[in-house]
Amino acid sequence: MQRIIEQTEDGSATLFVPELNEHYHSVKGARTESLHIFIDMGLKAVSTTHPQVLEIGFGTGLNALLTLEAAEADKRPVHYTGIELYPLAWEEVDVLKYSDNPLFKTLHSVPWEEDVVITPYFTLKKIREDARKAVNTKRSFDVIYFDAFAPEKQPEMWDEALFRNLYTSMNAGGVLTTYCAKGIIRRMLQSVGFKVERLPGPPGGKREILRASKVSEI
């Protein structure tokens, strides 16, 4: 699959896939988008002391890197599971120049299918598998980053059965965040049990995003 480097409006880069006519991140700002949707609206929205994070679409590893940096800054241990069927080579990611942090390369070079302690505050497990098959892990999650390609580009990933599995895999009080605010996706999330809210999108980017919560059990 061909990937082309393009600059986004906040100065960070992203990858464009001509075959899908789709970008890996918002052209309005790759880093800005990830920080807003997944860190500020996701990770920081849960009070769990040791959050279990699941990412659907490990991609460039930017979300994982930002989560690692947040965990280090807050001294809050995170276990991070990233599911990716088509992993990028480090050479493809390195040219995006997202960070000088040497741990960014470590995220891409550690073995798959293993829990790897990256720092005292960040443990990573990468799973190379179709998310529709891999979500039924034995681990339960507090935060889910749903970062698949857009529904019109990758419709098989925006499937009610997958969202039902994600709901089942989530701890009470957990949240799922996604850049997609389409009504059909909001209703699908609601149909499997999530409480869904529309939130403002990232600065200069999408007008709205979605956050789905699994209400705490009484």
Side-chain angles (χ1 to χ4, degrees), residues 1-17 23-44 46 48-129 131 134 137 139 141-149 177 179 202-203 205:
M1 184 181 295
Q2 182 187 14
R3 302 176 181 93
I4 300 170
I5 300 170
E6 292 188 2
Q7 294 297 308
T8 68
E9 290 184 13
D10 69 355
S12 58
T14 189
L15 294 172
F16 175 68
V17 183
H23 293 85
Y24 271 68
H25 307 94
S26 169
V27 295
K28 298 294 184 180
R31 190 179 182 93
T32 298
E33 176 190 53
S34 291
L35 276 171
H36 178 79
I37 299 173
F38 301 114
I39 306 303
D40 294 340
M41 299 295 106
L43 182 65
K44 293 185 177 181
V46 298
T48 312
T49 306
H50 295 72
Q52 302 281 330
V53 178
L54 171 65
E55 180 180 18
I56 304 298
F58 187 77
T60 63
L62 177 58
N63 294 334
L65 173 68
L66 296 175
T67 302
L68 182 155
E69 292 177 346
E72 292 289 307
D74 296 338
K75 292 183 169 35
R76 184 188 187 196
V78 170
H79 184 286
Y80 196 100
T81 301
I83 300 177
E84 177 62 64
L85 183 57
Y86 303 107
L88 295 168
W90 168 245
E91 291 73 22
E92 295 178 279
V93 177
D94 187 33
V95 295
L96 299 174
K97 304 301 179 187
Y98 283 146
S99 175
D100 293 328
N101 188 338
L103 292 178
F104 190 31
K105 183 176 182 179
T106 303
L107 297 179
H108 287 272
S109 60
V110 297
W112 291 75
E113 320 300 336
E114 297 180 17
D115 283 332
V116 181
V117 177
I118 307 296
T119 78
Y121 296 105
F122 191 86
T123 299
L124 173 65
K125 183 174 185 178
K126 298 187 298 183
I127 300 174
R128 186 170 184 173
E129 180 62 276
T137 66
R139 194 180 299 276
F141 303 98
D142 302 294
V143 184
I144 297 175
Y145 303 161
F146 199 88
D147 201 19
F149 287 129
T177 54
Y179 62 87

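All values derive from a computational prediction rather than experimental measurement.
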- Item | Expected output: side-chain E129 to main-chain I83 donor-acceptor under 3.5 Å | no
- Message: Treating D142 as the side-chain partner and Q52 as the backbone partner, does any N or O pair qualify as donor plus acceptor under 3.5 Å?
- Response: yes
Straight-line distance of [X] [atom1] to [Y] [atom2], nearest 0.5 Å:
X   : Y    : atom1 : atom2 : result
H50 : H79  : NE2   : NE2   : 12.5 Å
L43 : I37  : CG    : CD1   : 14.5 Å
I56 : E84  : CD1   : CD    : 10.0 Å
I39 : L66  : CD1   : CG    : 5.5 Å
F58 : N63  : CZ    : CG    : 9.0 Å
E55 : L124 : CD    : CG    : 10.0 Å

Residues two or more places apart in sequence or in another chain: which of them pass salt bridge (charged side-chain N to carboxylate O under 4.0 Å, His left out) with [X]?
X   : answer
E69 : R31
D74 : none
K44 : D40

- For T67, check side-chain hydrogen bond (donor to acceptor under 3.5 Å, both in side chains) against everything at least two apart and list the hits. Y145
- When you look at L15 and L88, which way does the side-chain contact (heavy atoms from CB on, under 4.5 Å) test go after all the steps? CA-CA 11 Å; L15 294 172; L88 295 168; 3.8 Å; yes
- Task: Classify the angle between the aromatic ring planes of W90 and H108 as parallel (below 30°), tilted (30 to 60°) or perpendicular (above 60°).
- Result: tilted
Show the nearest heavy-atom pair for residues [X] and [Y], with the distance to one decimal.
X    : Y    : answer
D115 : K125 : OD1-CB, 3.3 Å
P51  : P77  : CD-O, 3.3 Å
G42  : T177 : CA-CG2, 3.7 Å
P87  : W112 : CB-CZ2, 3.3 Å
S99  : L65  : CB-CD2, 3.4 Å

- Message: Between E113 and I127, does the side-chain contact (heavy atoms from CB on, under 4.5 Å) criterion hold? Intermediate values first, please.
- Response: CA-CA 5 Å; E113 320 300 336; I127 300 174; 3.7 Å; yes
- Query: Under 6.0 Å between ring centres, would you say that holds for H36 and Y179?
  - Reply: no
- Across all chains, not counting sequence neighbours, the side-chain contact (heavy atoms from CB on, under 4.5 Å) partners of L103 are L68, N101, T106, I118, T119
- Message: Holding to side-chain contact (heavy atoms from CB on, under 4.5 Å), I want the full list of residues that pass it with E91, two or more places apart in sequence or in another chain.
- Response: A89
- With the side chain counted from C-beta on, respond yes when D100 and K97 share a heavy-atom pair under 4.5 Å apart, and no when they do not. no
- Query: Is there a side-chain contact between L107 and F122, using heavy atoms and a 4.5 Å cut-off?
  - Reply: yes
- Going through the distances and angles, do V93 and F104 end up as a side-chain contact (heavy atoms from CB on, under 4.5 Å)? CA-CA 10 Å; V93 177; F104 190 31; 3.5 Å; yes
